[in-house]
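In what follows, every chain begins at residue 1, and chains take the letters A, B, ... in the order their sequences are listed. Computed over heavy atoms, backbone and side chain alike; hydrogens, waters and symmetry mates excluded.
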Amino acid sequence: MEYNPREIEAKWQSFWKRTEMFKVTIDPEKPKFYVLDMFPYPSGAGLHVGHPLGYIASDIYARYKKLLGYNVLHPMGYDSFGLPAEQYAVQTGQHPAITTQENIERYREQLDKLGFNYDWSREIRTSSPKYYRWTQWIFMQLFNSWYNPITNRAEPIDELILHFSQEGFDRSTNSVLHGGVETIPASFTSAEWLSFDKKRQSEILMNFRLAYLGESYVNWCSALGTVLANDEVVNGTSERGGHPVERKLLKQWNLRITAYGQRLLEGLDSLDWSESIKETQRYWIGRSEGASIYFPLENGQGSIEVFTTRPDTLFGVSFVTLAPEHELVAQLTTPENKATVEAYVQLSKNRSERERLADVNTVSGVFTGSYAWHPFSQEKIPIWIGDYVLVSYGTGAVMAVPAHDERDFKFATFFSLPIKPVIQPNKEHDFNHNAWELKEGKVINSLFLDGLEVQEAIGKILNEMEDKAYGVKKLNFRLRDAVFGRQRYWGEPIPVFFEDGVPYLIREDQLPLELPVVESYLPTEDGAPPLGRAKNWVYENGSDYEQSTMPGWAGSSWYFLRYLDPNNLTNLASKEAVDYWGNVDLYMGGAEHATGHLLYARFWCKFLFDIGIVPFEEPFKKMINQGMILGRSNFVYRILGSSTFVSGELKDAHNTNPIHVDISLVNNDRLNLEGFKAWRPEFRDAEFILGDSGEYLCGVEIEKMSKSKHNVQTPDELIERYGADTLRMYEMFLGPVEQSKPWDIKGITGVYGFLKKYWKLFHQGGNFEVTEIAPKREHLKTLHKTIKKIREDLDRFSFNTGVSSFMICVNELSESQCNHREILEPLTVLLSPYAPHITEEIWDQLGHVSGSLYNTPFPEYNAEYLIESSFDYPISFNGRMRFKITLPLDLGAKDVEAAVLAHGEYVKWTEGKNPKKIIVVPGKIVNVVL
RNA sequence: GCGGAUGUGGUGAAAUUGGUAGACACGCUAGACUUAGGAUCUAGUGCCGUGAGGUGUGCGGGUUCGAGUCCCUCCAUCCGCACCA
């Protein structure tokens, strides 16, 4: 009986489906384990071999945990709102839901063939109204909440409204707002609050709601007709499509993620994630402690607020710089400077982000003509404008201290402004060339700060400043509030309608607010989003709905919760389900979502925690980031101006042009000549100059997998040829999951051979046969050594070394022709997480007719079988291994040493010298020091 | 520029606590078998050397009886961020 993966795999896949083998329910008797894969966007291209890498690893782990007795939740779904389906809709008029449905079916087919243990009864799709009803519901909760800085959590906005109507609002004691986009409302009394009209009240509340409508600079991509998140912009162009992106002031829905800055930062410490992702998030959140300091304007009309982390250098200020977009620019520009300033502001506005990034070293700026007073020294400080100051960070204004800040230094040098050192460097330093940026040295030229060390000076000036009300200590975050709307069709409608320009939530019983039918997916003539085309799409009272939709990351920010209870009609998930399954124990996915999805999901989880929906603050306890599988491209070399192709090793002797050749026409870098000629009409008459071997050797390069490079390998063709078990094991065998690696088909035969060898253990005479006779000790040793290794490897997610161990085990058993049931049966269970189909078939043949080995306990190893009585001591001289002696393990160090001295080879290596020392590490090594 | 990661045979890699470097697999070489297959089996395969032996984990240094592993300096590659006051 031959190993026939095609037959076996189809048989067991249908068996699992029929018996609902992977369906899980709450079982308080068992401990739970939640394994989650980042769900895919179902693209039209389908899966290539790189995609399942993480799914295979998590599947193996999930199966392992299941066999260990855990109740394992391992669901899958689709992040099915997204731009490609919509772009296709724009081009063809086909509804994105249809495209999406087709792509999902193709994905499902491919996933099913890999033998995953997903509980498909829990499948979710973010674009399904049954699902996005709850995405909309969460938005409504965000709209109805504000962040209370005293209790440090989200609270109902109604409580804040009540507070306003009883106490009013005092701006000076406000420390509510964290972000940079909002403006803090002016103070008002309770009576004033009650007298404000709805519009005014709504506008004030927008400064507090966690989901709010606010005017902010956004990344506007006119080619895509939408706003992009920071992480969707790459070098000033859109991540998808590479279209130019400009900064534009727009009224947008935003989420106040900045309110959670501190908690998002602190939460990282408790997570078992890669250091690299945690660092990226820390940097992205960008917490910095400092002070807001007010510089009164010379004209007496208020003051400029600057943010600084170096208040100790306050006496070194020689000018103040405003961002070109700063609100005071117009007011501060004197008539004689008006033309220059306006020209400069206009220029910086039109400069794309990309341009501004490109020339970091170019200094530009203009003087406004106005001055401010230094709060302590009462000096007159000129006010400049410079585009090195960003309006979105801090207060959009800096106090420039050229002696101690490199950018200020460049600016001052360029415009010949004074450079005044106030910290005495503790090393040699030349203030003519550089700023002294280190927080080291003694303060000088600074009145009451003189003589203090930097840290002491910071403490003192902060206290002094707050006493005199010249400024306040301030925590600042680089993190920006998240834009939560895009001018697109294929997304969740925002459950809001407008009445007299005031936004209101729709009633909860009106959820889901479904996407309306439109006849075209383009923006309307007057620039409104596609939803503006919907006919009669109004709320029950006749009011217009919000026309923008939610961004791509909305649905993925909470999907892990819906899997817990996917069909619940009255709640996002039942309390019972949330309490039992809890958060994700193992999250498998790409590292590219470091600052997008992974930050937003943490934010939503903390919010849902605050409002009592979930009992945990972090969604994903442990995360593993699978590496990318790169393509291995093959090249042929055409001699210029001819149709002659020269073999790779000879290409340098000719003037050639490399051409990507489809990897299916290449075997072990040797080109299939006939196949190549038939590949494309233009190559029909190709001629070849072959190498010495008589074959055509192709060139090789490692690149991303893509259609245009003809290096895409789909799982389907490999499963067809070798089976899913082989593919699963081979992907693991390639190397550590976290590492990126090139895909190379050629090693797959090794793994295929292994499975055949394993199969052969049971079919040595051609037919299935195992013996009930008790196995030899060496067999038991092989088995138990393997059990131990496999468990250890799985526990540390070292899937590649696990495959090697199986190979070693099967090699050893084959060599001694072992076919003892007592050995092969546990081995089969041990192997089943990696190769679920073949092991299920063997298990069946072993006589377990009714059941599946999916319900069998994982083998335990017995240390007794691993005990050795002797050991091959490596004998090294000065750390270099020379020979070995087999000695009993219970031999004492003295006796080991004696045995070494007595050994025939000993004299040869000592060269007659007396050893200085002999180190004996029992059971490990002997080292003779000469 | 800042942050993170990675450098081991022709290739993918292993070496978990400092203790025999290169397990396992591909490829390659030689051979066997044959129902001529994308099959199976045997032997060999880091590099230099006929050999004894020498040498070897990106470079250079250090700690140690002993370093791929620990410390310092540098180099290369990949990823992320980028005027953050």
Side-chain angles (χ1 to χ4, degrees), chain A residues 2 180 230-231 235 274-280 282-284 286 288 290 306-310 313 321 356-357 359-363 386-390 392-401 404-408 410-411 476-479 591-592 594-595 627-628 630 632 667-669 700 721-722 730 733-736 738-754 756-757 760 789 792-793 795-796 798 800-801 803-808 811 872-884 915-921 923-930:
Chain A
E2 286 284 299
N230 282 340
D231 57 284
N235 287 334
S274 76
E275 210 37 55
S276 127
I277 291 208
K278 290 207 275 188
E279 266 308 305
T280 306
R282 283 191 192 108
Y283 183 75
W284 194 260
S288 57
V306 304
F307 176 72
T308 181
T309 55
R310 293 295 304 273
T313 62
T321 317
R356 278 172 76 157
L357 292 181
D359 52 14
V360 176
N361 288 318
T362 312
V363 177
D387 70 3
Y388 77 96
V389 180
L390 307 175
S392 57
Y393 184 78
T395 59
V398 301
M399 55 175 229
V401 185
H404 304 290
D405 180 283
E406 199 56 40
R407 291 150 313 175
D408 296 341
K410 278 188 184 134
F411 197 88
N476 198 53
F477 292 93
R478 185 220 318 274
L479 185 68
E592 66 273 21
T595 52
M628 205 179 7
L630 300 162
R632 190 174 187 280
N667 187 18
N668 192 19
D669 293 336
V700 174
R721 214 147 97 187
Y722 301 104
Y730 183 54
F733 189 59
L734 284 175
E738 291 102 326
Q739 233 167 69
S740 284
K741 51 225 149 194
W743 174 258
D744 195 341
I745 175 88
K746 71 185 183 198
I748 202 169
T749 53
V751 173
Y752 187 50
F754 157 75
K756 284 199 282 195
K757 221 164 164 178
K760 229 173 144 186
K789 182 79 163 74
E792 282 169 2
D793 285 350
D795 287 337
R796 65 193 172 106
S798 178
N800 55 326
T801 51
V803 179
S804 300
S805 307
F806 280 122
M807 288 174 169
I808 293 168
N811 285 348
D872 272 2
Y873 272 96
I875 312 303
S876 54
F877 291 74
N878 286 340
R880 220 165 254 287
M881 206 280 286
R882 296 306 183 182
F883 58 91
K884 287 183 190 172
K916 287 194 191 116
K917 216 197 281 186
I918 298 182
I919 312 262
V920 177
V921 186
K924 279 264 165 77
I925 200 166
V926 176
N927 192 20
V928 181
V929 187
L930 294 174

How long is the line joining [atom1] of [X] and [atom2] of [N], in whole Å?
| X | N | atom1 | atom2 | value |
| --- | --- | --- | --- | --- |
| A:Asp744 | B:A13 | CG | P | 11 Å |
| A:Leu390 | B:A85 | CG | C1' | 9 Å |
| A:Glu792 | B:A15 | CD | C1' | 14 Å |
| A:Phe883 | B:A52 | CZ | P | 17 Å |
| A:Tyr873 | B:G66 | OH | C1' | 16 Å |
| A:Lys916 | B:G66 | NZ | C1' | 14 Å |
| A:Lys760 | B:U40 | NZ | P | 8 Å |
| A:Ile919 | B:G19 | CD1 | P | 15 Å |

* Pairwise distance NE2(A:His404) to OG1(A:Thr313) - rounded to 0.5 angstrom ->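 Answer for the NE2-OG1 pair, A:His404 versus A:Thr313, is 6.5 Å.
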* **Inter-residue atom distance A:Lys756.NZ - A:Lys760.NZ, 0.5 Å rounding** =>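 Here the interatomic distance stands at 9.5 Å.
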Using a 4.0 Å heavy-atom cut-off across all strands, classify [X] as base, sugar-phosphate, or nothing.
| X | result |
| --- | --- |
| A:Tyr283 | sugar-phosphate |
| A:Arg721 | base |
| A:Glu738 | nothing |
| A:Asn927 | base |
| A:Val398 | base |
| A:Lys756 | sugar-phosphate |

Using the [atom1] atom as the reference point in each nucleotide, state the distance between [N] and [M] in Å, no decimals.
| N | M | atom1 | value |
| --- | --- | --- | --- |
| B:G58 | B:C75 | C1' | 7 Å |
| B:C24 | B:G31 | P | 25 Å |
| B:G7 | B:G12 | C1' | 15 Å |
| B:C72 | B:G9 | P | 25 Å |
| B:G51 | B:U45 | P | 12 Å |
| B:U63 | B:U11 | C1' | 35 Å |
| B:G68 | B:U57 | C1' | 5 Å |
| B:U8 | B:C47 | C1' | 13 Å |

Need the pair for [N]. Rule: Watson-Crick or G-U wobble, both distances under 3.5 Å, any strand; none if unpaired.
| N | result |
| --- | --- |
| B:A43 | B:U29 |
| B:G53 | B:C48 |
| B:G38 | none |
| B:C84 | none |
| B:A15 | none |
| B:A5 | B:U77 |

Residue pair [X] / [Y], side-chain heavy-atom distance below 4.5 Å:
| X | Y | result |
| --- | --- | --- |
| A:Tyr388 | A:Lys410 | no |
| A:Lys757 | A:Asn811 | yes |
| A:Lys789 | A:Thr801 | yes |
| A:Val928 | A:Ile918 | yes |

* Neighbour count above 12 (heavy atom, 6.0 Å) for A:Glu275 CD ->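 Correct, the count exceeds 12.
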Nucleotide nearest [X] when distance is taken to its side chain, options [options]:
| X | options | result |
| --- | --- | --- |
| A:Lys746 | B:C26, B:C83, B:A13 | B:C26 |
| A:Lys917 | B:A85, B:C65, B:A82 | B:C65 |
| A:Thr308 | B:A82, B:A85, B:U16 | B:A85 |
| A:Tyr388 | B:A21, B:C83, B:U16 | B:C83 |

* Can you check whether any acceptor in the base of B:U20 is under 3.5 Å from a donor in the side chain of A:Lys924, or vice versa? =>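 No.
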* Looking only at N and O atoms, is any donor in the side chain of A:Lys789 or the base of B:U16 less than 3.5 Å from an acceptor on the other one? ->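 Yes, the side chain and the base share a sub-3.5 Å donor-acceptor pair.
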* Asked: 5'-most contact on RNA chain B: A:Met881 or A:Gly753, nearest heavy atom basis?
  ->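 It is A:Met881, whose closest nucleotide lies nearer the 5' terminus.
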* Closest nucleotide of RNA chain B for A:Ser876 versus for A:Met399: which of these residues is on the 5' side? ->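 Nearer the 5' end of the strand: A:Ser876.
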* Is A:Arg282 salt-bridged to A:Glu279, going by a charged N under 4.0 Å from an acidic O? ->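 Counted as a salt bridge, because a side-chain N and a carboxylate O are separated by less than 4.0 Å.
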* **A:Asp872 and A:Lys884 ion-paired at < 4.0 Å** =>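 Not counted as a salt bridge, because no side-chain N and carboxylate O are separated by less than 4.0 Å.
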* Could you tell me whether the side chain of A:Tyr873 and the main chain of A:Gly923 form a donor-acceptor pair under 3.5 Å? =>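 Yes: the side chain of A:Tyr873 pairs with the backbone of A:Gly923.
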* Is A:Ser798 reaching over with its side chain to a backbone N or O of A:Asp793, donor-acceptor style, under 3.5 angstrom? ->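 Answer holds: no.
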* Asked: Taking the chi torsion of B:G9, is it syn (within 90° of 0) or anti (everything else)?
  ->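 Base orientation relative to the sugar is syn.
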* Nucleic acid footprint by protein, nucleotides 53-63 of chain B - heavy-atom cut-off 4.0 Å, B for base, S for sugar-phosphate alone -> SS---------
Using only side-chain N and O atoms of [X], determine if any of them is under 4.0 Å from OP1 or OP2 of [N].
| X | N | value |
| --- | --- | --- |
| A:Gln739 | B:A13 | yes |
| A:Tyr393 | B:A85 | yes |
| A:Arg632 | B:U11 | no |

Report all interatomic pairs (protein N or O, nucleotide N or O of nucleotides 23-25 of chain B) with separations under 3.5 Å.
from	atom 1	to	atom 2	distance (Å)
B:A23	N1	A:Ser804	OG	3.3
B:A25	OP1	A:Asn811	ND2	3.0

* Quickly, which of A:Phe754, A:Tyr752, A:Trp743 forms a ring pair (Phe, Tyr, Trp, His ring centres under 6.0 Å) with A:Tyr730? Name it, please. =>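 Result: among A:Phe754, A:Tyr752, A:Trp743, A:Trp743 is the only option passing the ring pair (Phe, Tyr, Trp, His ring centres under 6.0 Å) with A:Tyr730.
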* Asked: Going through the checks in order, is the side chain to side chain donor-acceptor pair (under 3.5 Å) test met by A:Lys917 and A:Asn927?
  -> CA-CA 8 Å; A:Lys917 216 197 281 186; A:Asn927 192 20; over 6 Å; no
